[in-house]
Amino acid sequence: MTEDLVTLAPARPDDYTVFKRELQDAFAVAVVAESGPLDEPIPSDADLDESLSAPGSVVLRILSAGRKVGGAVVTIDHETGHNALDLFYINVGEEGQGLGIKAWQAIEQRYPETVVWRTHTPYFEKRNIHFYVNKCGFKIVAFYNRLRPDPHRPPSGEPPELDEAFAFEKIMRPENRSEG
């Protein structure tokens with residue numbers, strides 16, 4: 001059935017403004033529920049611009065029957081196969097229809113050479129934690145907080161509870177560790 005088909009397409013730079021707004025709207029739902037109204041969008045435009053243009057990043061649109069329903073930013077390391085799901089969202093109003101898992105499966109199929117996928121989510125995002133662990137097969141590998149900050153991310157300046165996050169990994173295929 002075509003209405004069940006979820007595909008990916010590279011986002012065009014002229015679509016980045018809409019992409020960022022949709023992502024910020026989707027992320028705001030949980031943040032507002034956790035800590036109240038926002039003064040500024042999360043993530044910031046500057047942080048999103050950095051992610052969209054980072055080395056190795058690929059900006060993808062998630063499409064359902066050709067209609068834009070979300071997006072993802074992945075970082076692909078063709079040498080090591082250690083890839084990252086940096087940003088992932090389903091548009092507000094499109095959640096709860098199975099689009100997220102279909103989109104994740106499409107991402108896995110697009111990058112079959114992946115050895116390990118890594119991602120992260122704020123500690124309070126129970127929906128995301130459920131999705132990554134129970135639906136997608138990721139394992140929690142770290143919990144970052146003020147006592148153990150994420151070594152790959154500078155402090156955001158947000159209240160400490162908003163800087164707390166889980167890191168996840170999904171091993172797709174074991175690395176060849178033979179020594180020669």
Side-chain angles (χ1 to χ4, degrees), residues 6-34 38 40-64 67-77 82-96 99-111 114 116-133 135-138 140-142 144 150-158 162-170 172:
V6 171
T7 58
L8 305 169
R12 296 185 329 268
D14 64 349
D15 185 37
Y16 284 6
T17 300
V18 173
F19 183 99
K20 292 186 321 186
R21 188 185 70 242
E22 290 172 352
L23 184 145
Q24 289 167 333
D25 289 348
F27 278 36
V29 172
V31 176
V32 168
E34 179 69 17
L38 300 172
E40 297 178 12
I42 293 180
S44 70
D45 286 332
D47 287 345
L48 287 176
D49 289 339
E50 186 177 322
S51 291
L52 298 176
S53 63
S57 71
V58 180
V59 183
L60 299 167
R61 273 302 197 167
I62 299 168
L63 308 170
S64 177
R67 191 172 51 84
K68 295 175 185 174
V69 296
V73 177
V74 295
T75 300
I76 305 301
D77 186 327
H82 289 231
N83 299 331
L85 176 64
D86 297 319
L87 298 164
F88 184 80
Y89 73 97
I90 299 298
N91 290 346
V92 174
E94 301 284 353
E95 323 86 82
L99 298 171
I101 187 64
K102 290 175 186 174
W104 174 247
Q105 290 165 345
I107 291 170
E108 285 184 354
Q109 290 170 7
R110 186 179 186 99
Y111 300 102
T114 300
V116 176
W117 280 105
R118 293 189 172 102
T119 196
H120 60 279
T121 199
Y123 87 97
F124 60 82
E125 252 295 11
K126 292 176 185 165
R127 231 177 16 158
N128 289 0
I129 296 164
H130 165 75
F131 175 74
Y132 290 127
V133 173
K135 298 284 187 177
C136 298
F138 280 82
I140 296 173
V141 295
Y144 298 118
D150 184 343
H152 307 292
R153 296 182 186 285
S156 70
E158 295 294 328
L162 293 181
D163 267 342
E164 294 179 340
F166 287 103
F168 304 90
E169 282 188 353
K170 181 175 183 181
M172 303 302 290

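Among all heavy-atom pairs drawn from Gly71 and Phe19, the shortest one is CA-CE1, 3.7 Å. Across all non-hydrogen atoms, the minimal contact from Glu94 to Leu99 is O-CD1, 3.6 Å. Nearest heavy-atom pair, Leu52 versus Ser57, reported as atom, atom and distance to 0.1 Å: O-OG, 3.1 Å. Between Lys170 and Gly137, the closest heavy-atom pair is CG-O, 3.9 Å. Nearest heavy atoms, Ala30 versus Glu125: CB-OE2, 2.7 Å. Considering every non-hydrogen atom in both Val133 and Ile140, the closest pair reads CG2-CG1, 4.0 Å.
Residues Phe27 and Leu87 meet the side-chain proximity criterion, which asks for heavy atoms closer than 4.5 Å. For the pair Lys20 and Leu23, the minimum side-chain heavy-atom distance is 4.5 Å or more. You'll find the side chain of Arg61 reaches within 4.5 Å of the side chain of Val18, heavy atoms only. Taking the side chain as every heavy atom from C-beta outward, Tyr16 and Asp14 never approach each other to under 4.5 Å. In this structure, Asp45 and Gln24 have side chains that are in contact, with non-hydrogen atoms separated by less than 4.5 Å.
A donor-acceptor pair is defined here as one N or O able to donate and one able to accept, closer than 3.5 Å; no such pair exists between the side chain of Glu50 and the backbone of Leu48. Looking at Thr119, its side chain does come within 3.5 Å of a backbone N or O of Leu85 through a donor-acceptor pair.
Interatomic distance, Ile76 CD1 to Trp117 CH2, rounded to the nearest 0.5 Å: 4.0 Å. Between the CD1 atom in Ile107 and the CD atom in Gln105 there is a gap of 10.5 Å [rounded to 0.5 Å]. We find the CD1-CH2 distance between Ile62 and Trp104 to be 10.5 Å, quoted to the nearest 0.5 Å. To the nearest 0.5 Å, atoms NE2 (His120) and CZ (Phe166) are separated by 13.5 Å.
Relative ring orientation between Tyr132 and Phe138 is described as perpendicular, the plane-to-plane angle rising above 60° on a 0-90° scale split at 30° and 60°.
In this structure, a donor-acceptor pair under 3.5 Å is present between the side chains of Thr114 and Asn83.
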Run the numbers on Glu22 and Lys68 for salt bridge (charged side-chain N to carboxylate O under 4.0 Å, His left out), then give the verdict. CA-CA 10 Å; Glu22 290 172 352; Lys68 295 175 185 174; over 6 Å; no
Please test Val74 against Arg110 for side chain to side chain contact (heavy atoms under 4.5 Å, CB included), starting from the C-alpha separation and ending with a verdict. CA-CA 11 Å; Val74 295; Arg110 186 179 186 99; over 6 Å; no
Phe131 and Phe88: ring-ring contact (aromatic ring centres under 6.0 Å, His included), yes or no, with the steps? CA-CA 11 Å; Phe131 175 74; Phe88 184 80; 5.7 Å; yes
